Each structure stands twice: as structure tokens, then as C-alpha cells.
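What follows is a short report on a single structure.
Residues take their numbers from the sequence shown, with the count starting at 1. Owing to the predicted nature of the structure, the values given are computational and were not obtained by experimental measurement.
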Amino acid sequence: MALHLALGLCVYLLFTQGAQGNIDDFDCVEIYKQPAFKHPLLKNHKIQETFSLDGNIERSNKYKTKEHCPKGTVPILRQGNESQSVHLNTAEYSGQHFATIETTLDGSIYRGTEAEISVHDLKLQNNQYSKSQIWLENGPRAQLNSIQAGWAVHPRLYGDSVTRFTIYWTGDGYQKTGCYNMQCPGFVVVSRNPTLGKGFGGSSVYGQTSLTFKLQIFQDGFSGNWGLKMSNEIIGYWPKELFQHLSNGASLIRYGGNTYLSPDGFSPPMGNGHFPIPDFKKTAHFKNIGIINSDYKADYIDDRKVRLYADSNSCFRVSYWGYTKFTGKAFSFGGPGGKCGI
């Protein structure tokens, strides 16, 4: 079943009109001198320029904005020392809370997913974070392979409370490998447009407007690399060499929110800070959720394989709405936070 791939005007405006952070916040680095090529497994890696997605051949740098790096270079966000110590992204580490939906572990293999994600402004304390993202994972706990992408408000990582496009990966269950964005060798940037770590240029307004962006993460059927596509552009990819288990596909996909509390024990808001309801102008949400199955065919997420998870119902909740002709497969999530436990 072909997925609906049309993009709303709001997606274009979010990243082209008044975004937080412009080209001056990024260094334009020669493409083969970007951090990825310091990884020992990528010394002789050849950059992938074409990708296979939903039966089509996609090319990097197909779309351009007014602000982009010169040909042959890619943008790397300039960050200070505050980003060197950050908290990890798995429920095994205390202080985190989740409100998510995820596929069941039944032996199914997935080659990717896509969703439209609502964008929201939040104000956080320095040690907190709040995220709305997608996870694709495979492997046992000690060897977990995980790739993650979405938006984050993360003062410790970025030094502010701006809602920014953010990615993360680990190849060994958060032990020695992995990082946010380009802070360690791994992810390969191919787009000349500044995206990783860039702030969104707008936000949903409660009860008035719902602004979303479209995110796709997919395994290329020819190379086995994991591509990242935002709106209409391939941003880059995670080379298959980074992963022992994800190189064979994802066994689990998760969507939703994740927060980390402050030293005084208060968890920040998740989503838009309100509990989920069916009105998408008043709730954080994912819509038009689709998957790519083991045969690299696009399909809708199977309701029978959806598991809801919220670890602190007094603070954060999640509601799955299934399919409607206006939202496709969709759910909403979030909450005000507070004293939610550890």
C-alpha cells in the first residue's frame, strides 16, 4: 500500500522561515573531513549519493534553501563545552520518563518508518530535557543498536531551550559508542542545508494551529545504510558498519516522548505540556505513521502490533487513535510533568 507522501506548507515554513540558528551557527566542513570519517570502520567509506526509498531513487542535495554550504562541504553545528556531558536515552537510566507507542517484539523486521510530528515550544531547566522522536532498534540489551531522530529541547546539549531537530545513535547499548548529532564519528551528512541541531522556525499554538514536520528513517535496499529524510530532503545516513544488528533491519520501532528530570526531582513537560486528547490543535501528536516492511514495501503500522507505554500516568499519558482519513494512523501523548518519581 502506497503511503500518502504529500507535505504540508507548514513543514516548509518550519525550516525556511525564521528558524532558530542560521548558517552562521554552523561550520561548512569539507564533506570527507566531517567527523564521521574519524571512525575506524569508515576510513575508506565512500559517500552514498543515491538512495532507494518506496521504489524511488532519491538523491541527496536535491532541494536547497537560501542558506546552505558551498558545494563539496556540509554544515556542522558549532557547540560549546556544555554539550559534552549529557544523559542517556534508555529507560534503564533513572530519572527518565516515557509516553510512547511501539511495535511488539514478534520476530518482524522493519526497514524503516515515517511520521508527521507536531512541534512545540517548552521552557526547561538546565539539567532537564524533553524529546519527541522515533527510535529504531535491534539487538540484545547489552549490544543494543538504536537510531533516534526527532525534536528535543535540551539545555545541557545546546545551551538554550530552543526546540531543535536532533538525532542520536548507539551501537552497544549506550556503553561506549554513540552520541547526539555530529558529536562523535558515525552519522554521515550529505545535505548542504543546516539541519542537525537547527531550531524550528515556528511552533504549534494551543487551540489554534498545529505545525508538523515529516520524518523518514529507512534502510537503503542496496547499501544497507540507514537514511534520514526530513521533509523533502535526504539529510544523511548512518552507515551499516556502525551496527551489528540494525544492519539486518529493525526489530522494534518506537514513537513518542521522553523526558529527564532536574536535580530537584521535577520532570519537565512532555509534548505540549498537556495530556492527550483527540483534538490535534490541543495535543502533541504523531500522524500518518507508516512502516517499511522486511520486503522494503511501504505499509501502515499494524494495530495488532502496537503496544502503548507510559511509566507515570499522573504526569504523562499516551492515546492511540488508529486510522482516520484526515490523520492516517495517529496517536497523541504528553503531560505537564512534575513529581513523577525516578
Side-chain angles (χ1 to χ4, degrees), residues 26-52 60-61 69 72-90 92-93 109 111-112 133-149 152 154 156-158 165-192 194-197 217-229 234-252:
F26 292 76
D27 291 316
C28 293
V29 177
E30 289 184 36
I31 193 165
Y32 275 100
K33 291 184 178 180
Q34 63 179 289
F37 292 96
K38 295 180 181 178
H39 196 290
L41 296 178
L42 302 178
K43 292 294 186 182
N44 299 312
H45 181 81
K46 180 176 174 56
I47 289 177
Q48 183 172 350
E49 296 181 352
T50 60
F51 300 81
S52 175
S60 61
N61 272 323
C69 285
T73 67
V74 292
I76 307 297
L77 181 66
R78 205 176 296 122
Q79 290 184 252
N81 292 332
E82 71 275 357
S83 65
Q84 296 306 308
S85 177
V86 295
H87 296 287
L88 303 178
N89 297 8
T90 173
E92 296 174 39
Y93 294 90
I109 290 296
R111 304 295 183 180
Q133 64 177 28
I134 297 172
W135 296 253
L136 291 100
E137 299 183 338
N138 201 349
R141 180 176 300 177
Q143 303 172 8
L144 182 68
N145 296 177
S146 179
I147 53 182
Q148 304 162 21
H154 201 322
R156 175 169 287 193
L157 178 64
Y158 293 115
F165 184 67
T166 304
I167 66 172
Y168 190 95
W169 71 275
T170 180
D172 60 358
Y174 305 92
Q175 296 180 66
K176 295 181 179 179
T177 68
C179 62
Y180 285 100
N181 299 335
M182 303 296 292
Q183 292 190 319
C184 67
F187 186 82
V188 178
V189 178
V190 295
S191 171
R192 291 160 56 193
T195 304
L196 299 183
I217 305 172
F218 62 96
Q219 187 172 31
D220 181 73
F222 297 105
S223 68
N225 299 327
W226 283 91
L228 176 67
K229 185 178 182 182
I234 302 288
I235 305 304
Y237 61 93
W238 292 269
K240 64 180 179 181
E241 290 86 354
L242 301 175
F243 307 112
Q244 178 183 354
H245 303 286
L246 272 174
S247 59
N248 300 314
S251 61
L252 180 142

Checklist entry - Would you call Gln48 and Val190 a side-chain contact if the rule is heavy atoms closer than 4.5 Å? => result no
Item to check | Test item: Gln148 side-chain N/O and Trp135 main-chain N/O as donor-acceptor pair under 3.5 Å | outcome: no
Checklist outcome for this item: The ring-ring contact (aromatic ring centres under 6.0 Å, His included) partner of Trp238 among Phe243, Phe218, Phe187 is Phe187
Item to check | CD1-OG1 distance between Ile147 and Thr170, expressed to the nearest 0.5 angstrom | outcome: 12.0 Å
Item to check | Check: Ile47 main-chain N/O paired with Tyr32 side-chain donor or acceptor under 3.5 Å | outcome: yes
Checklist entry - Does some side-chain heavy atom of Val29 sit less than 4.5 Å from a side-chain heavy atom of Val189? => result no
Checklist outcome for this item: Nearest heavy-atom contact between Glu137 and Tyr174 is OE2-OH, 4.1 Å
Next on the checklist: Ring-plane angle category for Tyr180 and Tyr168, please: parallel below 30°, perpendicular beyond 60°, tilted otherwise.
Outcome noted: perpendicular
Item to check | Donor + acceptor pair across side chains of Ser223, Tyr237 (<3.5 Å) | outcome: no
Next on the checklist: In the structure I gave you, are the side-chain heavy atoms of Trp169 and Cys179 within less than 4.5 Å of one another anywhere?
Outcome noted: yes
Item to check | Worked check of side-chain contact (heavy atoms from CB on, under 4.5 Å) between Ile234 and Lys229 | outcome: CA-CA 4 Å; Ile234 302 288; Lys229 185 178 182 182; 4.0 Å; yes
Next on the checklist: Can you list everything that forms a side chain to side chain donor-acceptor pair (under 3.5 Å) with Asn138? Sequence neighbours excluded, please.
Outcome noted: Ser251
Checklist entry - Is there a side-chain contact between Leu42 and Glu241 (heavy atoms, below 4.5 Å)? => result yes
Checklist entry - Side-chain contact, heavy-atom cut-off 4.5 Å: Pro35 with Ile76? => result yes
Checklist entry - Between the main-chain N or O of Gln183 and the side-chain N or O of Asn181, is there a donor-acceptor pair closer than 3.5 Å? => result no
Item to check | Side chain Ser52, main chain Gly221, donor-acceptor under 3.5 Å | outcome: no
Checklist outcome for this item: Separation between CG (Leu228) and CZ (Phe51), nearest 0.5 Å, reads 10.0 Å
Next on the checklist: Within the 4.5 Å heavy-atom criterion, are His39 and Leu242 side-chain neighbours or not?
Outcome noted: yes
Next on the checklist: I need the Lys240 NZ to Leu41 CG distance, nearest 0.5 Å.
Outcome noted: 12.0 Å
Checklist entry - Does Gln244 offer a backbone N or O that forms a donor-acceptor pair with the side chain of Asn145 under 3.5 Å? => result yes
Item to check | Set of side chain to side chain donor-acceptor pair (under 3.5 Å) partners for Ser247, sequence neighbours left out | outcome: none
Next on the checklist: Quick one: does any side-chain atom of Gln34 pair with a main-chain N or O of Val74 as donor and acceptor, under 3.5 Å?
Outcome noted: no
Item to check | Verdict with supporting geometry, Asn248 and Ile109, side-chain contact (heavy atoms from CB on, under 4.5 Å) | outcome: CA-CA 8 Å; Asn248 300 314; Ile109 290 296; 5.9 Å; no
